[in-house]
Structures are given as structure tokens and as C-alpha cells.
> 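Got a structure for you, written out below as C-alpha cells; questions coming shortly.
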2 protein chains.
Amino acid sequence: MLNKNITRVLIVEDDEIIRESFVSLINSSESFLCIANYDTCEAAIKNLSNDTPQIILMDIGLPGISGIEGIRRIKKVYPKIDILVVSVHDEDEKVFDALCAGASGYLTKNINPEKLLNSLVEVLKGGAPMSTNIAKMVIRSFQISSESPLTNRETEVLQQLARGKSYTMIADDLHINKETVRSHIKNIYQKLNVNSKAEALDKASKDRLI
Amino acid sequence: MLNKNITRVLIVEDDEIIRESFVSLINSSESFLCIANYDTCEAAIKNLSNDTPQIILMDIGLPGISGIEGIRRIKKVYPKIDILVVSVHDEDEKVFDALCAGASGYLTKNINPEKLLNSLVEVLKGGAPMSTNIAKMVIRSFQISSESPLTNRETEVLQQLARGKSYTMIADDLHINKETVRSHIKNIYQKLNVNSKAEALDKASKDRLI
DNA sequence: AATAAATCACTCATTTTGGGTGAGAGCAAA
DNA sequence: TTTGCTCTCACCCAAAATGAGTGATTTATT
């Protein structure tokens with residue numbers, strides 16, 4: 001049967017113009033079928049068991065429950081559905097929240113039609129399509145800021161702290177004395193202008209120091 | 001002048017066949033010039049101040065100092081050089097180590113010539129090219145394993161622990177009693193078969209539980 | 001010579017941690 | 001309905017960890 005080779009796509013997008021254009025684009029391809037489209041997550045979730053999509057194109061800035069929360073809820077019940085974010089938002093927080101919530105990819109809305117279709121294909125192949133700027137953000141998230149005020153040793157110590165190690169364990173790992181670890185941590189706290197482990201790690205993750 | 005628009009590319013790759021094929025490929029493009037190629041990081045680093053490449057194609061499995069360590073050392077002295085990994089290795093550890101060390105992208109060697117050149121262009125545009133499988137690994141690294149033995153609440157508690165919070169702070173954040181936090185943590189330790197924060201976080205990061 | 005980085009020492013009060021043992025309430029599946 | 005899971009809270013206890021203070025020495029690098 002022909003239908004067996006058609007991938008069922010669902011669209012959640014509150015802007016009608018954009019939504020319609022996505023529907024047309026999806027249906028213009030022989031490989032994909034837009035089986036439904038909604039302007040809220042609530043509506044989408046309600047009909048999910050009937051719609052049975054394989055891929056969902058999801059907007060982030062939605063009325064009612066957000067796209068992020070929508071991803072979380074959908075993945076909880078239907079972990080196999082691939083959710084591809086298509087959003088104008090490219091702020092760190094939104095992007096990483098969406099990925100943590102279970103998105104299979106993240107595209108920004110300036111994407112051209114051909115690339116969007118390619119991304120759907122890539123998702124089917126188990127890939128993780130990302131727009132250029134998103135890929136950059138994601139890769140950068142692994143790297144320490146070049147403007148870190150911390151020395152190499154201090155960074156090492158802070159990384160170990162982040163792994164829940166005690167001063168003693170850190171000392172053993174780095175083959176230095178516990179007092180030295182204490183000294184480094186005191187300097188770290190001073191440089192970051194904090195006075196506890198939790199504050200230091202908070203600042204460190206925000207400023208990509210570790 | 002014509003040279004102003006040509007991007008200087010350096011290759012570090014120990015396999016002569018592959019290295020030569022990369023050189024040919026790069027030089028077949030009008031936009032790129034392979035200004036040098038080496039079979040070790042040591043040799044590359046030694047001549048880096050003369051070669052002044054804008055992009056380095058870097059292998060991972062090299063004799064002498066590894067590609068990972070090479071990236072670290074080069075980025076330390078020349079943070080502006082983009083280093084694009086081209087490797088047969090696609091194990092989690094290698095990939096994430098390379099990204100953490102400062103790689104601007106990561107391609108696996110089965111990549112076709114056209115895509116490799118495209119990736120170079122993408123790097124120049126400030127992007128972060130990744131092979132499909134690598135992108136998948138990277139995105140997955142943000143997501144919690146579906147086979148986590150922990151409950152939602154336990155996961156929350158463990159995430160807070162990872163941020164260096166004390167039981168008291170966690171209790172405040174989750175609006176529960178400190179004793180409840182202790183109880184959750186005891187259960188977490190039992191489920192993960194550990195008996196300290198450090199061990200729990202170690203296992204959690206290895207098994208993607210947080 | 002001066003500065004930064006990394007190393008180590010000792011005191012002190014307060015918190016934190018991990019182990020043990022136990023228990024009640026809500027909920028869902030069997 | 002009973003069993004099991006989840007989340008919640010309580011109290012005891014000893015050992016360990018933490019943060020603040022106040023130092024010092026050594027090794028590079030500029």
C-alpha cells in the first residue's frame with residue numbers, strides 16, 4: 001500500500017499564515033502527509049491518540065501551555081514521536097529547555113522549505129537537524145568561556161566540585177593537599193564574588209566557566 | 001587581490017592516503033587552499049605561527065599527542081583558529097572531549113567530499129557542522145535516559161544535588177521538608193547502588209539520569 | 001623586581017552528610 | 001481489596017565537610 005511509506009506529520013503553530021504554509025509544504029511532498037494541525041498544545045494533545053503522528057512540528061511561543069511544556073507532556077506519553085521545534089526563538093534558555101524536554105531537533109523559522117523537508121527526512125533517519133545558529137549554541141555549550149576569570153587549576157577544582165566531590169576527594173584526584181584545594185576554592189569564591197558552593201556552581205553554569 | 005578571499009586550511013592526519021585525498025579536495029575548491037599538512041599534532045603545532053591557517057582539519061586517533069589534546073593546546077594559543085574534527089571515532093567520550101576541547105565541528109570520515117567542503121563554508125560562517133550521528137549524540141546528551149530507575153521527584157532532587165545545593169536548600173526549593181529530601185536521597189542511593197553524593201552524580205552523568 | 005599561580009598549614013564554629021529505623025497518605029494496578 | 005509505589009515527614013547519632021580567618025613558600029613570567 002502506498003500509505004505505508006507516507007510519514008504522518010502533525011503541526012502545532014498558533015500563527016495561521018505560517019501554519020497553513022507548513023501544511024501546504026508538507027503535503028506537497030510525496031513522502032509526508034499532514035494529518036492534522038492545531039493552534040495550541042492542548043488541542044493537539046487531546047487528539048493525539050487519534051492522529052497518531054510520527055513527527056510533530058512544534059512551535060515554542062504558544063498561547064496556553066508552552067511548546068516546551070507540550071514537548072515534555074507528549075514525550076512522556078508517546079516517547080517514540082519525534083518532535084521537531086520550528087521557532088523564531090533562539091535564546092539559550094528556550095533552546096536548551098526544548099532539547100532537554102525531548103525535542104529531536106530545532107529549526108529557526110527563517111529556514112527555507114527545502115531544508116525543512118530535508119530535516120523531516122533526517123529525523124526519520126534518526127538524526128537531529130539543527131539550524132546553523134542552534135548547532136553553534138549547542139556546541140558552544142560544551143566549551144568554557146574564553147573570558148573565564150579562573151585559572152586552569154581553579155577551573156579543574158570547580159569542575160570536581162560540580163561532580164559532588166569533597167575537598168578531600170578533589171585533593172586526592174589532583175594529587176595535592178586538601179589545604180591547597182581549600183585555598184583554590186577560597187580564591188574561586190572571591191573571584192566569582194560568592195561564598196558558597198551552590199552560588200559558585202550557579203554562576204559557573206550561567207557564565208560557562210566549567 | 002585574489003588571495004584575500006582564499007581560506008587557509010591546515011590538515012593533521014596520520015593516514016597518508018586520507019591526508020592526500022583531503023589535500024586534493026581542499027585545493028580543488030577555489031575558496032580554499034591547503035597551506036600545509038602534517039601527520040602529527042607536534043609537527044603542526046611547531047609550524048603553526050608560520051602556517052597561520054584559519055581552519056584546521058584534525059584527526060583524533062594520532063600517534064604522539066592525541067587530536068583532542070592537540071585541539072586543547074592549539075585553542076589555548078590561537079583561540080581564533082577553527083578546528084574541525086574529521087574522525088572515524090564516534091564514541092561518546094571522544095566526541096564530547098573534542099567539543100569540550102574547543103572543536104568547531106565534528107565530522108565522521110564517511111562524509112562525502114561535497115559535504116566536507118560545505119562544512120568548511122559553514123565553519124567560516126560561524127556555524128558548527130556535525131555529521132548526522134554526532135548531532136544525534138549531542139542532542140541526546142541533553143536528554144534524560146528513558147530507562148532511568150528514578151522517579152520524577154528523585155530526579156529533581158538529584159539535579160539539585162548536582163548544582164551543589166545542600167539538603168536544606170533543596171527542601172526550600174521544592175517546598176518540602178528536609179527530612180523528605182533525605183528520604184529521597186536515601187532511595188536514590190539505594191536504586192543507584194551507591195552511598196555518597198559523588199558516586200551518585202558519577203553514575204547519573206554516565207547513565208544520563210539528570 | 002614585581003605579579004600571578006600554585007602549593008601548604010592551622011584554628012574554629014557550624015553545617016552537612018549518611019546510616020538506621022519507622023510511619024502515614026494518596027493512588028493505581030492487580 | 002490488597003499490594004506496591006511514590007511522596008511525605010520524624011528522630012537519633014557520629015563522622016565528615018564546609019566556610020572564614022590568617023598566614024607562608026615556591027615557581028614562573030613579565
Side-chain angles (χ1 to χ4, degrees), chain A residues 49 72-73 76-79 144-204 209-210, chain B residues 49 72-73 76-79 144-204 209-210:
Chain A
S49 58
R72 239 188 297 273
R73 296 193 191 180
K76 193 160 192 164
V77 187
Y78 306 92
I144 294 174
S145 163
S146 53
E147 290 121 38
S148 171
L150 306 182
T151 67
N152 290 341
R153 204 50 155 175
E154 284 162 357
T155 303
E156 273 185 290
V157 170
L158 195 53
Q159 284 169 339
Q160 302 259 41
L161 261 194
R163 288 175 198 138
K165 305 234 176 121
S166 69
Y167 296 2
T168 310
M169 295 167 115
I170 298 176
D172 287 350
D173 276 15
L174 302 183
H175 305 295
I176 54 179
N177 191 285
K178 182 188 187 172
E179 286 304 319
T180 307
V181 174
R182 291 165 57 72
S183 174
H184 283 308
I185 288 177
K186 278 181 254 189
N187 290 331
I188 291 169
Y189 287 2
Q190 201 160 28
K191 284 185 180 177
L192 302 187
N193 197 26
V194 299
N195 44 31
S196 77
K197 179 167 51 173
E199 287 177 291
L201 292 181
D202 192 55
K203 200 166 181 67
L209 308 181
I210 53 175
Chain B
S49 57
R72 240 188 297 272
R73 297 193 190 180
K76 192 160 193 164
V77 187
Y78 306 91
I144 294 173
S145 164
S146 53
E147 290 123 36
S148 171
L150 304 183
T151 67
N152 290 343
R153 204 50 154 175
E154 285 162 357
T155 303
E156 273 184 290
V157 170
L158 195 52
Q159 283 169 340
Q160 302 261 40
L161 260 195
R163 287 173 199 140
K165 305 232 176 122
S166 69
Y167 296 1
T168 311
M169 297 167 115
I170 297 176
D172 287 350
D173 276 15
L174 301 184
H175 306 295
I176 54 178
N177 191 284
K178 183 187 185 172
E179 286 304 318
T180 307
V181 175
R182 288 167 53 68
S183 175
H184 284 307
I185 288 177
K186 278 181 249 187
N187 290 331
I188 292 168
Y189 287 3
Q190 201 162 27
K191 285 184 179 177
L192 302 188
N193 197 27
V194 299
N195 43 32
S196 77
K197 180 167 51 173
E199 286 177 291
L201 292 181
D202 193 54
K203 199 165 181 69
L209 309 181
I210 52 174

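Because the structure is a prediction, the values reported are computed rather than measured. What's counted below: heavy atoms across the whole structure, side chains too, no hydrogens, waters or symmetry copies.
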> What protein N or O atoms touch nucleotides 21-28 of chain D N or O atoms at under 3.5 angstrom, if any, and at what distances?
{"unit_1": "dG21(D)", "atom_1": "O6", "unit_2": "Lys186(A)", "atom_2": "NZ", "d": "2.9"}
{"unit_1": "dT22(D)", "atom_1": "O4", "unit_2": "Lys186(A)", "atom_2": "NZ", "d": "3.2"}

> Among the nucleotides dT7(C), dG19(C), dT16(C), which one has an atom lying closest to any side-chain atom of Tyr189(B)?
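Closest nucleotide among those given: dG19(C).
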
> To check you understand the geometry: which heavy-atom pair defines the closest contact between Thr155(B) and Leu150(B), and what is its length?
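Nearest pair, atom of Thr155(B) first, then Leu150(B): OG1-CB, 3.6 Å.
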
> After noting the C-alpha distance and the side-chain angles of Val194(A) and Asp202(A), does the key distance pass the side-chain contact (heavy atoms from CB on, under 4.5 Å) rule?
CA-CA 10 Å; Val194(A) 299; Asp202(A) 192 55; over 6 Å; no

> Which heavy atom in Lys165(B) sits nearest to a heavy atom in Ile170(B), and how many Å separate them?
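The answer is CB-CG1, 3.7 Å.
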
> Looking at dC7(D), dT17(C), dC8(C), which one has an atom nearest to any side-chain atom of Ser166(B)?
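Nearest to the side chain of Ser166(B) among the choices is dT17(C).
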
> Grab the CG-P distance between Asn193(A) and dG19(D) for me, whole Å please.
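Result: 15 Å.
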
> What are the two closest heavy atoms between Ala204(A) and Leu158(A), and how far apart are they?
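Minimum heavy-atom separation between Ala204(A) and Leu158(A): CB-CD2, 3.7 Å.
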
> Kindly compute the distance separating CD (Glu156(A)) from CG (Leu174(A)), expressed to the nearest 0.5 Å.
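Taking CD in Glu156(A) and CG in Leu174(A), the distance rounds to 5.5 Å.
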
> Please check if the side chain of Tyr167(A) supplies one atom and the backbone of Leu161(A) the other of a donor-acceptor pair under 3.5 Å.
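Checking the backbone N and O of Leu161(A) against the side chain of Tyr167(A), no donor-acceptor pair under 3.5 Å is found.
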
> Expressed as a whole number of angstroms, how long is the span from Ile185(B):CD1 to dG19(C):P?
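Answer to the nearest Å: 11 Å.
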
> When all nucleic acid strands are considered with a 4.0 Å heavy-atom cut-off, which category describes Thr180(B): base, sugar-phosphate, or nothing?
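Base: the residue Thr180(B), judged by heavy atoms under 4.0 Å, touches a nucleobase.
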
> Mind calculating the distance between CG (Asn195(B)) and P (dA15(D)) to the nearest angstrom?
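It is 17 Å, rounded to the nearest whole Å.
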
> Think Thr151(B) has a side-chain N or O under 4.0 angstrom from the OP1 or OP2 of dC7(D)?
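The answer is yes; a side-chain N or O of Thr151(B) sits under 4.0 Å from OP1 or OP2.
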
> Ile188(A) CD1 to dA5(C) P: how many Å, rounded?
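Interatomic distance, CD1 of Ile188(A) to P of dA5(C): 12 Å.
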
> Counting side-chain heavy atoms from CB outward, which of dA6(C), dA20(D), dT17(C) is closest to Lys197(B)?
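The answer is dT17(C).
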
> Please state how far atom CG in Leu174(B) lies from atom C1' in dC9(D), giving the value in whole angstrom units.
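Atom CG in Leu174(B) sits about 15 Å away from atom C1' in dC9(D).
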
> Are any of His184(A)'s side-chain N or O atoms less than 4.0 Å away from OP1 or OP2 of dT7(C)?
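For His184(A), the contact criterion (side-chain N or O under 4.0 Å from OP1 or OP2 of dT7(C)) is met.
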
> Starting at atom CD of Glu156(A), determine the distance to atom P of dA5(C), rounded to an integer number of angstrom.
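Taking atom P of dA5(C) as the reference, CD of Glu156(A) is at 15 Å.
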
> How many Å lie between CG on Asn152(B) and C1' on dC5(D), as a whole number?
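That distance rounds to 13 Å.
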
> Mind running side-chain contact (heavy atoms from CB on, under 4.5 Å) on Arg153(B) and Thr180(B) for me, showing each step along the way?
CA-CA 11 Å; Arg153(B) 204 50 154 175; Thr180(B) 307; over 6 Å; no

> Between dT16(C) and Thr168(B), is there an OP1 or OP2 to side-chain N/O distance shorter than 4.0 Å?
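Checking Thr168(B) against dT16(C): at least one side-chain N or O falls below 4.0 Å of OP1 or OP2.
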
> Could you tell me how far apart Asp172(B) (CG) and dC9(D) (C1') are, to the nearest whole angstrom?
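In whole Å, dC9(D) C1' and Asp172(B) CG are 15 Å from each other.
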
> Quick one: on DNA chain C, does Lys178(B) or Asn177(A) contact a more 5' nucleotide (nearest heavy atom)?
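In this pair, the answer is Asn177(A).
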
> Between dT16(C), dT17(C), dT18(D), which nucleotide has the shortest distance from any of its atoms to the side chain of Tyr167(B)?
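Minimum distance to the Tyr167(B) side chain belongs to dT17(C).
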
